[in-house]
Protein chains: 2
Amino acid sequence: MGRKPTMYDVAERAGVSIATVSFAFAQPGRVRPSTREAVLAAAAALGYVPNANARGLARGRTGAIGLYAFDYLLDLTEPADVLTPNDARLFPQYADEVQRGVELECRVRGLALMLGAGTPQTALPGDLGVPRVVDIAGRVDGLIAFAGAAPSDALTRIAGRIPVVELGGMSTAEGTRTVVVDNTTGMRGLVEHLLHVHRHREFRYIGDSRTAEFDARYAAYAATLAGAGVAALPPAHSAPGAEETTRAAVGDLLAADALPHVIVCSTDQEALVALDALRDNGVAVPGRVAVTGFDGIVAAGLSTPGLTTVQQPMQAVGRTAVRLLTGEITEQSAPLPTALVLRQSCGCA
Amino acid sequence: MGRKPTMYDVAERAGVSIATVSFAFAQPGRVRPSTREAVLAAAAALGYVPNANARGLARGRTGAIGLYAFDYLLDLTEPADVLTPNDARLFPQYADEVQRGVELECRVRGLALMLGAGTPQTALPGDLGVPRVVDIAGRVDGLIAFAGAAPSDALTRIAGRIPVVELGGMSTAEGTRTVVVDNTTGMRGLVEHLLHVHRHREFRYIGDSRTAEFDARYAAYAATLAGAGVAALPPAHSAPGAEETTRAAVGDLLAADALPHVIVCSTDQEALVALDALRDNGVAVPGRVAVTGFDGIVAAGLSTPGLTTVQQPMQAVGRTAVRLLTGEITEQSAPLPTALVLRQSCGCA
DNA sequence: CTGAAAGCGCTTACAG
DNA sequence: CTGAAAGCGCTTACAG
């Protein structure tokens, strides 16, 4: 037998047509049991492995969905003996938790998951300007992309062919859907806690506005402060995954002698870096300044002090994205809920 | 324009043949620049997304590799406020770390990664006895499978078509390769430490022998004890990921009043469960009994007491597997090294 | 219940 | 530098 037997080889060995082989696998009820057994026996004898590309091409769908993540290009060495919550990626971050949700949901449904990653600028040598995301998109029935991981025009283009869910998006690419999380209520609750329980009046927000989701957080922050008659200064720029930007933001506040009483960060990832930067500069948290995060990643529970944050249902975000893609749900009945998690960094016990 | 424009549509709009469209993307140097621009413009205008299935079929390869994991079917809820190292899967486990290595290596190479998971028994309804692993295998150029995740006959079959790396394997499926880790040296060093530094003589091993890798650990354990004139009782059965088996193993020792001075576990995952079980029964670790693990997962550094273990280069395992698949390396120059990590659970400071 | 045949959307010698 | 055409390995109406 030649290498890589095909359906033709199986058909020949079983003494049937390729149509029958195909039916024996795909629609067993349509084939006489004895025929079916003969086909399966022939397939086993030949070591037949169906070619999923051919199947996908013929069927018009692939049975797989894609997840396109932001490529932090993080190269993690093996876990150190002494762990700190800021050893980036030692503990699962937001995107990792969402990915896990996607993975689990796919497993349950028997869907294969195709993983890819890039930045909006990423283009492979052979791609000639065509971003890698289309490479993933071309082989799946639906695509989940983290906002900012793929160029929005590429997503718009892809969305014309297959369903696309852009996480954290809402605004970027046309034709895509998103998973809605109640950022607003979460942030409002957090700020109200800082205002009314800890009686803070001097706030500063650190974060970026790369995605609609981040915008929603800042908007809720500013609105809540405004409601309490507290001025909201413009946000200090910082981006999750770019530690130096967060350190610079904190450094600027210190240098300008403009340290507020609360630093509200747009993500836990940034808040943990801020915690580090403040410690490095001998600033007591929460004594001198309170710090808060957003997301509820594992590391937030391990820092010293523990990080007060808004927990969002990260795995549920991933699962919901898959369900939107499969058509199992056509829209969310309600935004996914968030919850305030109080720890020491805001001044709580 | 109809839905899902194809190369034919692009060709027509650009006024060229489909061959030229194909060349414009795949072999730019072969096409006149002006032609190429026309093609790219037409593609952009139509929102053309190449069909990877068709490409894979025509080319005979897909540009993707597959990772088939053991399906623990673990459904993790959101992180709790109070974390303990035994909140299974809150922290990355062995397989998660290996997967990360695989992911990173794939990103670097521009390879897409197809994820699937199952147990040796898993077969989808539509698969009619054909395990899902072949479904993944049919759409990739190479497959990495965790030992025990897929039936070995299926792997043997697949290995006849595409390169297969079975992690933890060595013995299971014919025609597959594996990534070799120096389990022997690691375990020997651990047992020698327990023998000579802590002067222990009463040992018990907890673990299973599902894979060659686990066998190697037990063999090294038994051999090292034998070398010191210490009797090695048969291992008590326990399996990582099946917490109840580990608890039962510990429970049996307690019930039989046969608690040794050291419990050597085949994995960290089991050792952490053992730690829990012992604590639940009021047994002091390391006071009454020392406990050790193997792997060096993150959670091992977070338990109380900290878990003494043998660190293996999990991410490197994943990366090596990818390199073996791509043909970048044809064989390992040496087994991947392991390192003894001493913490409190063995009695060290 | 089974088969002949078209078609899925690409790539790639082979000509020109 | 460009095109006509075969072929990759399946699925699926359509006949029988």
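Values below: every heavy atom of this structure, side chains too, minus hydrogens, waters and symmetry copies. Quick note on labels: first sequence line is chain A, next is B, and so on, each numbered from 1.
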- [ ] Please test A:Ile329 against A:Leu324 for side-chain contact (heavy atoms from CB on, under 4.5 Å), starting from the C-alpha separation and ending with a verdict.
- [x] CA-CA 5 Å; A:Ile329 55 176; A:Leu324 282 170; 3.9 Å; yes

Task: Consecutive Watson-Crick or G-U pairs in runs of at least 3, all under 3.5 Å, in which DNA chain C is involved - done: C:1-3 with D:14-16, C:5-12 with D:5-12, C:14-16 with D:1-3

Task: A:Ala19 vs B:Ala54, nearer the 5' end of DNA chain D by closest nucleotide - done: B:Ala54

Task: Test side chain to side chain contact (heavy atoms under 4.5 Å, CB included) applied to A:Ala52 - qualifying residues, sequence neighbours left out - done: B:Arg139

- [ ] Could you work out the separation of D:dT12 and D:dG16 based on their C1' atoms and round it to a whole Å?
- [x] 16 Å

TODO: Please name the pair of heavy atoms, one in A:Pro151 and one in A:Val133, separated by the smallest distance, quoted to 0.1 Å.
DONE: CD-CG1, 4.5 Å

- [ ] Please list, in 5' to 3' order, the outermost nucleotides of DNA chain C lying under 4.0 Å from any heavy atom of chain B.
- [x] C:dG9 to C:dC14

Task: Given DNA chain C, 5'-ward residue of the pair A:Val31 and A:Ile18, judged by closest heavy atom - done: A:Val31

Task: Passing candidate, side-chain contact (heavy atoms from CB on, under 4.5 Å) with A:Ser34, options A:Arg32, A:Glu37, A:Arg36 - done: A:Arg32

- [ ] Among B:Thr320, B:Leu115, B:Leu113, B:Leu167, find the one that has a side-chain contact (heavy atoms from CB on, under 4.5 Å) with B:Val102.
- [x] B:Leu113

TODO: Please confirm whether the backbone N or O of B:Gly47 pairs with a side-chain atom of A:Arg161, one donor and one acceptor, at under 3.5 Å?
DONE: yes

TODO: Assign A:Gly138 to base, sugar-phosphate, or nothing according to its heavy-atom contacts below 4.0 angstrom with the strands shown.
DONE: nothing

TODO: Name the nucleic acid region contacted by A:Val21, choosing base, sugar-phosphate or nothing; use a 4.0 angstrom heavy-atom cut-off, strictly under.
DONE: nothing

Open item on the list: Please check if the number of heavy atoms outside A:Glu12 that lie under 6.0 Å from its CD is greater than 12.
Closed with: no

Open item on the list: For B:Tyr48 and B:Phe25, take the angle between the two ring planes, folded into 0 to 90°, and tell me which bin it lands in: parallel under 30, tilted 30 to 60, perpendicular over 60.
Closed with: tilted

